Amino acid sequence: MIELVNVSKKYQEIEVLKGINLKVEENDIVGIVGESGSGKSTLLRLIQLMEEPTSGVIVLNNHLATTWNKREICEQQKKMSLLFQNFNLLSNLKVIDNVHLPLKLQGKKELKKAEKLLDFVGLSDKKNMYPAQLSGGQKQRVALARALITDPEVLLLDEATSALDEQTTREMVLLLERVHREFKPTIIFVSHDLNVIKHCCHKVFIMEKGCLVDNFEIQKESFLTDDESYLDKARRVLRP
Ligand SMILES: Nc1ncnc2c1ncn2[C@@H]1O[C@H](COP(=O)(O)OP(=O)(O)OP(=O)(O)O)[C@@H](O)[C@H]1O
């Protein structure tokens, strides 16, 4: 469980997060939406313990994060994985080595696990390619496989579908649903795309100017019912 109690964050004298109270239950999928500059990414950085709040407390799995030393923070961070808009793959490493990298950094081999996860995201045939040889959607699936290789308890998605087109976004959301079913992480999905949040999340928090101004359960819709192909959609929307 992740809980923020009256959390504020200032940079110099500017308060970019103001008295945030938020609770995310284990295995839930929640969305955080808000206009640009409302504080979404800052909130994710605090949850990931990359930065400390100026005031207030963060509670992770019933422990006060503010009381942890560096080693304990590191241990906690290993239980979280982040997926970014721009994929953050290493261009000089093959796909398989990108996926395997977090384990390699921990001194573990387990190349088979990387292969299994590449298979899970449907990219086994691309394992010896380099990121530059992949489409945006494929790169994000590689990044997802890499994010899963450490068996994270929490998956933090920062605009993870924002660089993708409509069809690829749909595929990514379906894949994230599978990830949630099979690996059961808690997922926190920051996005400005309300449609993605509606199709992916059970609950949403809405931010405005550094404040959490609303939150509610979502009547989740499945993308599965919408099986119109890109070609059909383009014709329907664009043909005079
Ligand atoms: N390290 C920093 N130093 C100073 N100000 C910062 C820093 N990080 C973020 N800010 C400011 O905090 C505010 C919130 O930024 P943040 O990136 O969290 O918003 P956001 O909602 O994620 O925006 P976007 O959707 O555009 O990514 C902005 O005004 C930003 O300029």
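Because the structure is a prediction, the values reported are computed rather than measured. Read the numbers this way: they start at 1 and go in the same order the structure lists the ligands and their atoms.
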Atom pairs and distances, donor-acceptor, side-chain atoms in residues 118-125, under 3.5 Å, two or more places apart:
{"unit_1": "D119", "atom_1": "OD1", "unit_2": "S124", "atom_2": "OG", "d": "3.3"}

Throw together a table of side-chain donor-acceptor distances under 3.5 angstrom for residues 33-48, partners on residues two or more places apart or in other chains.
{"unit_1": "S38", "atom_1": "OG", "unit_2": "E35", "atom_2": "O", "d": "2.7"}
{"unit_1": "K40", "atom_1": "NZ", "unit_2": "G34", "atom_2": "O", "d": "2.9"}
{"unit_1": "K40", "atom_1": "NZ", "unit_2": "E35", "atom_2": "O", "d": "3.3"}
{"unit_1": "S41", "atom_1": "OG", "unit_2": "D158", "atom_2": "OD2", "d": "3.2"}
{"unit_1": "T42", "atom_1": "OG1", "unit_2": "R45", "atom_2": "NH2", "d": "3.4"}
{"unit_1": "R45", "atom_1": "NE", "unit_2": "E51", "atom_2": "OE2", "d": "2.6"}
{"unit_1": "R45", "atom_1": "NH2", "unit_2": "Y11", "atom_2": "OH", "d": "2.9"}

N/O pairs closer than 3.5 Å, ligand 1 and protein:
{"unit_1": "ligand 1", "atom_1": "8 (N)", "unit_2": "R45", "atom_2": "NH2", "d": "3.3"}
{"unit_1": "ligand 1", "atom_1": "18 (O)", "unit_2": "S41", "atom_2": "N", "d": "3.4"}
{"unit_1": "ligand 1", "atom_1": "18 (O)", "unit_2": "T42", "atom_2": "N", "d": "2.9"}
{"unit_1": "ligand 1", "atom_1": "18 (O)", "unit_2": "T42", "atom_2": "OG1", "d": "2.5"}
{"unit_1": "ligand 1", "atom_1": "19 (O)", "unit_2": "G39", "atom_2": "N", "d": "3.3"}
{"unit_1": "ligand 1", "atom_1": "21 (O)", "unit_2": "G37", "atom_2": "N", "d": "3.4"}
{"unit_1": "ligand 1", "atom_1": "21 (O)", "unit_2": "S38", "atom_2": "N", "d": "3.1"}
{"unit_1": "ligand 1", "atom_1": "21 (O)", "unit_2": "S38", "atom_2": "OG", "d": "3.4"}
{"unit_1": "ligand 1", "atom_1": "21 (O)", "unit_2": "G39", "atom_2": "N", "d": "3.0"}
{"unit_1": "ligand 1", "atom_1": "21 (O)", "unit_2": "K40", "atom_2": "N", "d": "3.0"}
{"unit_1": "ligand 1", "atom_1": "21 (O)", "unit_2": "K40", "atom_2": "NZ", "d": "2.9"}
{"unit_1": "ligand 1", "atom_1": "22 (O)", "unit_2": "S41", "atom_2": "N", "d": "2.9"}
{"unit_1": "ligand 1", "atom_1": "22 (O)", "unit_2": "S41", "atom_2": "OG", "d": "2.8"}
{"unit_1": "ligand 1", "atom_1": "23 (O)", "unit_2": "G37", "atom_2": "N", "d": "2.8"}
{"unit_1": "ligand 1", "atom_1": "25 (O)", "unit_2": "K40", "atom_2": "NZ", "d": "2.8"}
{"unit_1": "ligand 1", "atom_1": "26 (O)", "unit_2": "S36", "atom_2": "OG", "d": "2.5"}

Which pairs, with at least one residue in residues 181-190 and sequence neighbours excluded, count as a side-chain hydrogen bond (donor to acceptor under 3.5 Å, both in side chains)?
none
Should we say atom CE of M1 is surrounded by more than 12 heavy atoms from elsewhere, each under 6.0 Å from it?
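More than 12 within 6.0 Å, yes.
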Taking N27 for the side chain and P185 for the main chain, is one N or O donor matched with an acceptor at less than 3.5 Å?
no
For E171 and Q167, does a side-chain donor sit closer than 3.5 Å to a side-chain acceptor?
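Indeed, the side chains of E171 and Q167 share at least one donor-acceptor pair under 3.5 Å.
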